[in-house]
Amino acid sequence: QVQLVESGGGLVQPGGSLKLPCTLSGFILDYYAIGWFRQAPGKEREGISCIGSDGRTYYAESWKGRFTISRDKDKNTVYLQMNSLKPEDTAVYYCATPVIGPGVCTKTMGRYEYDHWGQGTQVTVSS
């Protein structure tokens, strides 16, 4: 059974950093792309970044520069490194796999293009 588990969230001060792991079970990164999304209170879930099964990375335009996606195939884990965090980054962060062509990221990062959502991890940026 395909399962993704996000962790690493918490309370961080503005300007701080967090690194969120997304750990996979039931499948391996050699064959699956993983995307990171977030959903702020009262807002739609939005795509941040994706890493393909070939290791290629994609970023939605808004996230280039502060956020970095990476993976550790030995740990079967994908990471989202978030730097220079702002209060508006407060949200629940999710990872998921593409529905069609599971090894290939969709550049549009639409939420309905992804599935096997984890339970999410809360990130709160506040002083």
Side-chain angles (χ1 to χ4, degrees):
Q1 182 178 357
V2 174
Q3 188 174 11
L4 293 87
V5 178
E6 306 93 337
S7 61
L11 175 64
V12 61
Q13 292 189 342
S17 298
L18 276 178
K19 189 173 185 178
L20 306 181
C22 170
T23 303
L24 288 61
S25 62
F27 63 108
I28 58 175
L29 288 174
D30 291 289
Y31 304 109
Y32 283 82
I34 301 295
W36 275 101
F37 294 73
R38 77 179 194 185
Q39 187 164 15
K43 295 189 176 181
E44 294 290 321
R45 192 168 300 185
E46 55 184 342
I48 300 171
S49 181
C50 182
I51 186 164
S53 60
D54 60 359
R56 293 185 183 183
T57 58
Y58 299 91
Y59 295 89
E61 193 64 33
S62 305
W63 312 115
K64 291 181 180 178
R66 291 195 301 127
F67 291 8
T68 304
I69 194 169
S70 64
R71 67 181 184 177
D72 184 332
K73 293 172 66 176
D74 290 337
K75 295 182 179 180
N76 217 30
T77 299
V78 172
Y79 300 95
L80 184 67
Q81 175 70 48
M82 306 187 296
N83 298 325
S84 303
L85 286 164
K86 307 173 183 179
E88 50 264 43
D89 293 318
T90 295
V92 179
Y93 286 73
Y94 299 90
C95 56
T97 64
V99 174
I100 298 176
V104 180
C105 296
T106 65
K107 295 181 181 180
T108 49
M109 295 292 298
R111 66 162 294 179
Y112 297 107
E113 299 170 331
Y114 288 77
D115 201 352
H116 299 122
W117 297 94
Q119 84 289 346
T121 186
Q122 174 71 49
V123 172
T124 302
V125 184
S126 175
S127 55

### Task
State which residues pass side-chain contact (heavy atoms from CB on, under 4.5 Å) with S25; sequence neighbours excluded, sorted by chain then number.
Q3
### Task
Measure from the side-chain N and O atoms of S49 to the backbone N and O of Y58, and report whether any donor-acceptor pair falls under 3.5 Å.
yes
### Message
One pair to check against side chain to side chain donor-acceptor pair (under 3.5 Å): N83 and S17. What are the steps and the verdict?
### Response
CA-CA 4 Å; N83 298 325; S17 298; 3.0 Å; yes
### Task
Group every Ile, Leu, Val, Met, Phe, Trp and Tyr by side-chain heavy-atom contacts under 4.5 Å, then state whether Y32 and I51 land in the same group.
yes
### Query
If every non-hydrogen atom of S126 is compared with every non-hydrogen atom of P14, which pair is closest and at what distance?
C-CD, 3.6 Å
### Summary
In short, Y94 meets Q119 closest at the heavy-atom pair CE2-O, 3.7 Å
### Task
Check side-chain contact (heavy atoms from CB on, under 4.5 Å) between V123 and all other residues, then give those that pass, not counting sequence neighbours.
L18, L20, M82, Y93, V125
### Task
Kindly give the cluster partners of V99, where membership spreads through any ILVMFWY side chain lying under 4.5 Å from a current member.
I100
### Query
Just checking, is any N or O donor in the side chain of S127 or Q13 under 3.5 Å from an acceptor N or O on the other one?
no
### Query
If you take all heavy atoms of G101 and P98, which pair is closest and at what distance?
O-CB, 4.1 Å
#### Entry: Main-chain N/O of T121 paired with E6 side-chain donor or acceptor, under 3.5 Å
no
### Message
For the backbone of L24 and the side chain of N76, can you confirm whether one donor and one acceptor N or O come within less than 3.5 Å of each other?
### Response
yes
### Task
Could you tell me whether the side chain of R56 and the main chain of V104 form a donor-acceptor pair under 3.5 Å?
no
### Task
Consider only side-chain heavy atoms of I, L, V, M, F, W and Y, link residues closer than 4.5 Å, and tell whether V78 and I28 are in one cluster.
yes
### Task
Could you grab the distance from atom CZ of R71 to atom OG1 of T57, nearest 0.5 Å is fine?
10.5 Å
### Inter- and intrachain pairs under salt bridge (charged side-chain N to carboxylate O under 4.0 Å, His left out), touching residues 38-53, at least two apart
R38-E46, R38-D89
### Query
Shared ILVMFWY cluster between L80 and V12, side chains joined below 4.5 angstrom?
yes
### Query
Is there a path of hydrophobic side-chain contacts, each under 4.5 Å between heavy atoms of I, L, V, M, F, W or Y residues, that connects Y79 with I69?
no
### Message
Go through it in stages, so that I can follow the logic: the residues are S70 and Q81, the test is side chain to side chain contact (heavy atoms under 4.5 Å, CB included), and I'd like the CA-CA distance, side-chain angles, deciding distance and then a yes or no.
### Response
CA-CA 8 Å; S70 64; Q81 175 70 48; over 6 Å; no
### Task
Consider only side-chain heavy atoms of I, L, V, M, F, W and Y, link residues closer than 4.5 Å, and tell whether L4 and I48 are in one cluster.
yes
### Task
Looking only at non-hydrogen atoms, find the nearest pair between G47 and A60 and report the distance.
O-CB, 3.5 Å
## Note on the structure
Closest non-hydrogen atoms of L29 and K73, given as atom of the first, atom of the second and distance, are CD1-CA, 4.2 Å
### side chain to side chain donor-acceptor pair (under 3.5 Å) assessment of E113 paired with T108
CA-CA 9 Å; E113 299 170 331; T108 49; 2.8 Å; yes
#### Entry: Donor-acceptor contact present, side-chain S53 to main-chain G103, <3.5 Å
yes
### Query
If you measure from OG1 on T23 to CD1 on I34, what distance do you get to the nearest 0.5 Å?
10.5 Å
### Query
How would you list, by chain and number, every residue that makes a side-chain hydrogen bond (donor to acceptor under 3.5 Å, both in side chains) with K19, sequence neighbours excluded?
none
#### Entry: ring-ring contact (aromatic ring centres under 6.0 Å, His included) contacts in which one or both residues fall within residues 107-127, not counting sequence neighbours
F37-Y114, F37-W117
#### Entry: T90/Q122 under side chain to side chain contact (heavy atoms under 4.5 Å, CB included): CA gap, chis, key distance, verdict
CA-CA 8 Å; T90 295; Q122 174 71 49; 3.9 Å; yes
